[in-house]
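A quick write-up on the structure given underneath.
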Amino acid sequence: MSVPLKFYNTLTRQKTVFEPIDPDNVRMYVCGPTVYDYAHIGNARPAIVFDVLYRLLRSVYGADHVTYARNITDVDDKINARALRDHPGLPLNEAIRQVTEKTETQYHQDIAALGCLPPNVEPRATDNIPQMIEIIEKLIARNHAYVAQGEVLFDTKSMQDYGQLSKRPLDEQQAGARIAVDAHKKNPGDFVLWKLSSENEPGWESPWGRGRPGWHIECSAMSQRYLGEVFDIHGGGLDLIFPHHENEIAQSRCAHGTQVMANLWMHNGFVQVEGRKMSKSDGNFITINELLATKTFGGRSWPGEVLRLAMLMTHYREPIDFSVKRLEEAERLLGKWPAAEPGTAEPCPIVMEALADDLNTVAAVQRLHALAQEANGDSSMMPMFAASAALLGVLPKKAEVDEAVASAVDALVAMRLEMLKAKNFAEADKIRNELGEKGIQLKDGKDPATGERVTTWEMKR
RNA sequence: GGCCUCGUGGCGGAGUGGUGACGCAGAGGACUGCAAAUCCUUGCACCCGAGUUCGAUUCUCGGCGAGGCCUCCA
């Protein structure tokens with residue numbers, strides 16, 4: 001390994017050198033979507049950010065030596081509500097299946113358009129209920145959980161160092177707590193591991209009756225199942241630090257008796273709209289699909305690569321104000337980059353160094369832009385540019401140009417040159433304009449030897 | 001109230017204890033029949049105050065401002 005990787009760890013609030021538990025199998029877990037509705041562009045940020053991390057790890061440790069798990073949350077009261085709303089005629093389970101399947105398919109399409117590689121495993125909560133029950137039983141057996149009024153609750157007081165991740169000691173939390181304290185909780189911070197379901201709620205049989213899991217337990221169960229009791233990296237949005245990740249840690253560590261759940265905790269910042277967090281409950285969100293397929297934002301649709309690059313032009317921990325201007329700049333940059341195939345070349349060391357320094361995609365993109373310009377002038381630079389761009393997942397693909405179309409364009413270009421020689425500018429410009437309308441950009445240059453006009457062209461992306 | 005981020009030129013955005021990255025836009029120029037594309041030139045920015053220092057945008061403290069979490073949330 002050439003460059004040491006350094007990442008900012010939410011757990012220690014410091015940037016430290018990353019050392020995997022097992023370099024032959026680097027394991028990362030990222031909190032994925034709850035599938036009840038279109039994902040918004042804020043949801044796209046962790047997908048993209050951790051995709052870059054995944055690519056970087058694969059590059060450093062080898063493509064077969066990284067395991068990336070990203071869950072699909074398909075048990076959630078929002079899903080139930082959506083199922084009842086959209087499919088009132090169907091039996092509940094069927095209605096839920098319709099909602100989750102449709103949303104999941106859409107999510108995969110959206111994320112793929114943003115250039116994200118699929119994770120190695122994408123477990124669903126509903127496929128891991130027994131694993132969750134097992135953890136809950138362990139927690140009860142170890143006196144970290146208790147049953148009260150049909151719920152199984154985690155006993156936060158039973159964990160002496162609860163609150164490490166969010167730096168939120170229990171006693172301080174009570175002071176300004178706005179949450180109404182449920183009477184059946186021993187401590188206000190106690191959270192649900194399992195709750196009973198009524199007839200018209202989805203449920204699974206358990207030692208505590210037919211019920212469903214609490215929000216946090218699925219990630220504890222699935223990360224253990226696919227990555228082990230202790231793994232390398234856990235990622236997600238800033239807003240998951242508390243309570244979600246804090247509680248995952250509590251469950252996993254108390255169930256397994258381990259000192260940590262994951263060594264490195266990474267959190268991405270928010271996508272903002274007009275300086276405010278984009279959020280579904282606030283209604284100020286724009287979906288990935290709207291950006292890709294409709295003219296909702298800025299009066300036009302936007303290619304996935306543009307959205308991805310726009311996202312990588314800001315460091316992952318900083319907020320991004322989502323704007324048309326920003327997308328336009330990303331598009332302009334991409335338009336100047338050559339299309340290429342990934343190939344087997346090594347990425348530029350400067351790009352590697354940038355990414356190795358806490359995923360500094362901004363510096364990486366800047367370097368990439370310089371490389372693109374070098375490659376435009378000197379084709380021997382192309383493989384390095386391509387490899388570097390591929391590392392970020394922003395390599396422009398060669399536009400598929402039909403051969404018949406290509407020769408037709410070549411013929412028109414030749415015809416135009418003839419007209420120019422004859423100083424028939426009106427006709428020549430007409431050809432140029434017509435091609436332009438078809439998205440074909442003519443580029444006039446000079447042959448350095450003869451000084452004659454040489455015209456090349458390309459499809460605008 | 002508690003906890004956590006952040007504050008750099010029109011915009012985006014790194015970085016550093018000692019003359020001001022860079023990109024985009026803008027301006028000027030070259031090239032062109034005119035354009036486009038391309039190339040060249042051009043930016044004296046670091047929230048405020050105090051302190052540490054020979055020297056701070058960079059360190060410390062205070063202030064102001066913005067955002068986030070504490071409730072479903074990427």
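Residue numbering restarts at 1 for every chain, and letters A, B, ... go by the order of the sequence lines.
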Legend entry - Distance-only donor-acceptor test (3.5 Å): side chain A/Q366, base B/G13: no

Inset, instruction - Just name whichever nucleotide pairs with B/C61, Watson-Crick or G-U, keeping both distances under 3.5 Å, else none. - result: B/G49

Inset, instruction - Return yes if a side-chain donor-acceptor contact under 3.5 Å exists between A/E218 and A/T73, otherwise no. - result: yes

Legend entry - No-H, no-angle donor-acceptor pair, A/R332 side chain to B/A25 base, under 3.5 Å: no

Legend entry - Strand partner of B/C22, provided both Watson-Crick or wobble distances fall under 3.5 Å: B/G12

Legend entry - Any strand: nucleotide that pairs with B/U38 via Watson-Crick or wobble, under 3.5 Å: B/A30

Inset, instruction - Whole angstrom is fine here: how far is it from CG in A/D358 over to P in B/U5? - result: 14 Å

Inset, instruction - Could you state the atom-to-atom distance from NZ of A/K443 to P of B/C31 in whole Å? - result: 21 Å

Inset, instruction - Please confirm whether any donor atom in the side chain of A/R432 sits under 3.5 Å from an acceptor in the base of B/C34, or the reverse. - result: yes

Legend entry - Whole angstrom value for the distance that separates P of B/G33 from CG of A/D429: 12 Å

Inset, instruction - Check whether the side chain of A/D321 and the base of B/G12 form a donor-acceptor pair under 3.5 Å. - result: no

Inset, instruction - Indicate whether the side chain of A/Y54 and that of A/N120 have a donor and an acceptor atom separated by less than 3.5 Å. - result: yes

